[in-house]
Amino acid sequence: MAGKDKKTDDMIEETLIELYDEEVYDKKDKDTKRKAKKRRRRKKSGAGKKVLLSLGVTTALLTAAYFGVAMYFNSHFMFDTKINGVDFSLNNVEEVESYFKKQVADYTLTLEESDGSREIIKGSDIDIEFTSGERIKQLAEGQQKLLWVRSLWEPSEIEAKVGVKYNTEKLNAVMANLKCMDEEKQKASKNAYPAFKDGKFEIVPEVIGTKIDEEKFQTAVTKTIGEFQSNVNLREEDCYILPKYTSESKEVTEAADKMNSYLGAKITYEFGSETEVVDSSVISEWVKINKKKMKVSFNKDDVKEYIKKLANKYDTKYKAKEFTTADGDTVKVEGGSYGWQINQDAEYEQLTKDIKKAQVVSREPKYTSKAASHGGAGVGNTYAEVDLTDQHMYFIKDGKVVLETDVVTGNPNKGNATPQGVYTLSYKTRNATLRGEKKANGEYSYETPVKYWMPFNGGIGFHDATWQPTFGGDRYKSHGSHGCVNMPEGKAAELYGLISAGIPVVCHF
């Protein structure tokens, strides 16, 4: 009863607080209010306990539901889940397996080939079957089930190997009969390489052929079928025997740079007033590339052929020459070893060297033999002339006749005629003895001492001949020499002072 009375008292006090003016109960106000607050706290505490209890029950239910959904995804796939690109959201393991069984039954593999053509391998032709085992189930069980709620906004992409088996022998037979495996129709790949176009060497891109690398092809096809993919791009899978060099290969770009550097060369050949030019238009035809080894070189035959043509055009050695005599006549002179002759081997080396260094130069070619000038007989303005018909000789210096005299040349009736031709003076010497053939007894057929000896054609030369009483006319026909040009002693002495080694000598009819 005491407790009941206390409860009644508290209610009375609370009522009094609410009904009476504060001034009347001012004295009791503080105590009354304090007691009222305590009572309100007790009421609120009871209400809070009820709320907490309600929340606990709700949380337990939600937790149970959450874990229940997680357990559901042990045999089902979560929201927004794709396997190999196919949406299997909320599908169970059996449904996924059923789908793949159907897919395997209708399976075809499309081969995408480099020339744009396509070929198909049918699953039915290789006895393909679905053999998932536990794989689909493992995929479901392997999901992060406790985080299933994330699948509501985060899609899941699963790449899975669909279990299949097939008849390997039948697959090999099908592959062997594919068009792309026909060796007669396969085309080999081609390397990228530099080619001359529009004034420079540009890189021609590589060509991917259709020649199959059988080992890589076998691997790509079996891998694709094993992964249950429907397409295989033979080029992307490197199934073709690829070119060794592509347009990006260092060897190709360096070769192009080297070949273009050669085009900077310009060699101007000088042949007197005439010139021949080797520039980029000519060089581009000589520079070649070994496409297998990507090595730059010169077409040796073409370069040598060019030099040979220069020689045929400008060489004068051993060729007949037109000569203008001191009398102003033009005669054709054959014979002799005088004239221009290009050293073709040495010039090939020099020319290719100049091109490799991109030289811009004007020069003569390399010669084995030179003349005094180009054009005509090439004797220049200083030379000796022997008119075998008129039996007269001249020495021309700087274009003017400074010496002339009648002479006696070789006796044609004894087989000793002085040969026509253009020669050069070999040397000159004083007080020589001219000798004929040596006999068996050690003696010579003749021995003739002379004061001035100036040979120009082996044992044939100018010399004084004091034994000749007269010169000129027809005396050479009966009292001619063994081939030499006999001169009066005074004229021989004069010629000796004018002529020197290397000066041309022209003997003509």
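- Not one N or O on the side chain of E237 forms a donor-acceptor pair closer than 3.5 Å with the backbone of V232.
- Atom NZ of K304 sits in a crowded spot, with more than 12 heavy atoms from other residues, nucleotides or ligands closer than 6.0 Å.
- Within a 6.0 Å radius of CD in E157, more than 12 heavy atoms belonging to other residues, nucleotides or ligands are found.
- Note on ring orientation: taking the six-membered ring where Trp is involved, the planes of F323 and H508 are tilted (angle from 30° to 60°).
- Residues T325 and D327 have side chains that never bring a donor and an acceptor to within less than 3.5 angstrom of each other.
- Annotation: cation-pi pair K428/Y496 present, NZ/CZ under 6.0 Å from the ring centroid and within 45° of its normal.
- For the side-chain contact (heavy atoms from CB on, under 4.5 Å) with T409, the lone residue among T389, D387, L388, N416 that qualifies is L388.
- Heavy atoms from other residues, nucleotides or ligands lying under 6.0 Å from CD of E248 number 12 at most.
- Partner E347 forms a salt bridge (Lys or Arg N to Asp or Glu O under 4.0 Å) with one of K308, K366, R363 and no other, that one being R363.
- Side-chain atoms of N191 come within 3.5 Å of backbone N or O of Y245 as a donor-acceptor pair.
- Between K370 and E364 there is a salt bridge, with a side-chain nitrogen of the basic residue lying less than 4.0 Å from a carboxylate oxygen of the acidic one.
- Judged by distance alone, the side chain of D390 and the main-chain N or O of H392 form no donor-acceptor pair under 3.5 Å.
- Of all non-hydrogen atoms in I289 and A255, the two that sit nearest each other are CD1-CB, 3.7 Å.
- The pair K451-E489 counts as a salt bridge, with a side-chain nitrogen and a carboxylate oxygen less than 4.0 angstrom apart.
- With respect to E254 and K258, no salt bridge is recorded, no charged nitrogen being found less than 4.0 Å from a carboxylate O.
- Residues N172 and Q218 bring a donor and an acceptor atom of their side chains to less than 3.5 Å of each other.
- At a threshold of 4.0 Å, the pair K313-E276 counts as salt-bridged, since one of the basic side-chain nitrogens sits closer than that to a carboxylate oxygen.
- Contact record, S114 with I208: OG-O, 4.3 Å, taken as the closest heavy-atom pair.
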| request: Start with the C-alpha gap between K223 and E227, add the side-chain angles, then the distance that decides, and say whether salt bridge (charged side-chain N to carboxylate O under 4.0 Å, His left out) holds. | output: CA-CA 6 Å; K223 174 176 176 287; E227 294 177 351; 3.6 Å; yes
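- When all heavy atoms of A192 and M294 are compared, the pair lying nearest together is O-CE, 3.3 Å.
- Aromatic ring centres of W340 and Y367: separated by under 6.0 Å.
- With Q468 contributing its side chain and H479 its backbone, the two residues share a donor-acceptor pair below 3.5 Å.
- Ion pairing between a basic and an acidic side chain is recognised when a charged N comes within 4.0 Å of a carboxylate O; K319 and D315 show no such pairing.
- Between A465 and F471, the closest heavy-atom pair is O-CZ, 3.5 Å.
- A distance of 6.0 Å or more separates the ring centres of F462 and Y452.
- A salt bridge does not link K170 to D125: none of the charged side-chain nitrogens sits closer than 4.0 Å to a carboxylate oxygen.
- The shortest non-hydrogen separation linking A492 to M454 is O-CE, 3.7 Å.
- Not less than 6.0 angstrom separates the ring centroid of Y423 from the ring centroid of Y338.
- Below 30°, between 30° and 60°, or above 60°: for Y262 and F298 the angle between ring planes is below 30°, a parallel geometry.
- Two residues are said to be in side-chain contact when any heavy atoms from C-beta on lie closer than 4.5 Å; Y383 and V505 fail this criterion.
- Looking at E437, K438, K439 one by one, the single match for side-chain contact (heavy atoms from CB on, under 4.5 Å) with Y444 turns out to be K438.
- A donor-acceptor contact shorter than 3.5 Å links the side chain of N233 to the backbone of E236.
- A centroid separation of less than 6.0 Å is found between the aromatic rings of Y446 and H482.
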